[in-house]
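Below is one structure, written out as C-alpha cells; the observations come after it.
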Amino acid sequence: MKTDFPHRTSIFETRATFAREDALIVKDGLRLFSMEEALILVPENFFKKNATHARTILAIMPDASALLARLLEGGHTSSAGRLAGAFRAVLTSDTRQMCYCISQPSPSLATPGALRYGAFCWMK
C-alpha cells in the first residue's frame, strides 16, 4: 500500500520481506532497512531518477566497511559495481568542487595485485 507525502515523497507498506532479518531496524514501530541493505537492494533506476538523494546517502555514510562486508557476504556483484561507480562519482564531483583535479588511470592499465592511485593537484 502506497502512502503519498508532500515534496514528492511516499512510503510503501508491504508484508513481504526483502531484507535479511538482521538488516532490519525497528524504529517507532516501523521495520526499516539498514542503510547498507537499502543501497544493495535499490534498483539502478533509483540512482538515475533520484541522483540528489543517492548522492546524499553516499556522502553521509561514515564508513563503507559494513556495506563492503554485506556486498561480499551476499555475492551482490551487480550492486557492488553500481555502488563503486556511484561512490566514484560522488568522490570526483566533491573533490572538483573543492578545487582539486583528479587524474584517474584507466583500470585496464592496472596489473593484478598492483595499486594505482589517482593524482590530485591543487588549483587556485
Side-chain angles (χ1 to χ4, degrees):
M1 192 165 84
K2 181 181 174 190
T3 305
D4 291 317
F5 293 109
H7 308 293
R8 294 180 2 185
T9 59
S10 61
I11 189 168
F12 186 76
E13 300 174 60
T14 182
R15 292 187 189 274
T17 302
F18 299 111
R20 298 179 333 180
E21 192 64 35
D22 64 341
L24 294 173
I25 302 164
V26 178
K27 185 173 182 176
D28 298 327
L30 293 173
R31 293 167 43 106
L32 307 170
F33 290 96
S34 67
M35 188 182 310
E36 294 81 15
E37 193 73 11
L39 284 170
I40 290 170
L41 296 176
V42 74
E44 181 178 355
N45 206 20
F46 172 79
F47 291 92
K48 293 177 182 174
K49 289 189 171 185
N50 304 290
T52 303
H53 297 310
R55 179 179 299 279
T56 303
I57 292 167
L58 296 173
I60 65 170
M61 285 193 75
D63 183 11
S65 61
L67 177 61
L68 177 60
R70 178 67 184 101
L71 286 166
L72 294 173
E73 173 184 296
H76 300 283
T77 56
S78 296
S79 294
R82 181 169 47 250
L83 288 167
F87 274 114
R88 180 181 216 155
V90 168
L91 176 67
T92 56
S93 172
D94 289 352
T95 52
R96 283 187 193 125
Q97 289 177 3
M98 295 177 68
C99 299
Y100 285 93
C101 66
I102 300 173
S103 171
Q104 301 172 359
S106 169
S108 62
L109 298 178
T111 57
L115 292 176
R116 295 194 179 265
Y117 298 96
F120 291 89
C121 60
W122 177 254
M123 297 176 358
K124 196 132 190 189

Atom of A89, atom of R55 and distance for their closest heavy-atom approach: O-NH1, 3.9 Å

N50 CG to R8 CZ distance, which is reported to the nearest 0.5 Å: 8.0 Å

Note, L39 side chain near M61 side chain (heavy atom, < 4.5 Å): yes

Within-4.5 Å side-chain heavy-atom neighbours: L24 and F33: yes

Candidate pair L83 and H76, rule side chain to side chain contact (heavy atoms under 4.5 Å, CB included), full reasoning: CA-CA 10 Å; L83 288 167; H76 300 283; over 6 Å; no

Pairwise distance OG(S34) to CG(L41) - rounded to 0.5 angstrom: 8.5 Å

Common cluster, I60/F46, ILVMFWY with side-chain heavy-atom separation under 4.5 Å: yes

Value rounded to 0.5 Å, distance of CE in M35 from CD1 in I25: 8.5 Å

Hydrophobic cluster identity match, V26 and F12, side-chain contacts under 4.5 Å: no

Common cluster, M1/F5, ILVMFWY with side-chain heavy-atom separation under 4.5 Å: no

Distance-only polar pair, side chains of R82 and S79, donor-acceptor under 3.5 Å: yes

Distance, nearest 0.5 Å, that separates CZ of F47 from CD1 of I57: 7.5 Å

Rounded distance [0.5 Å steps], OG1 in T77 versus CG in L72: 11.0 Å

Value rounded to 0.5 Å, distance of OG in S78 from CG in L71: 11.0 Å

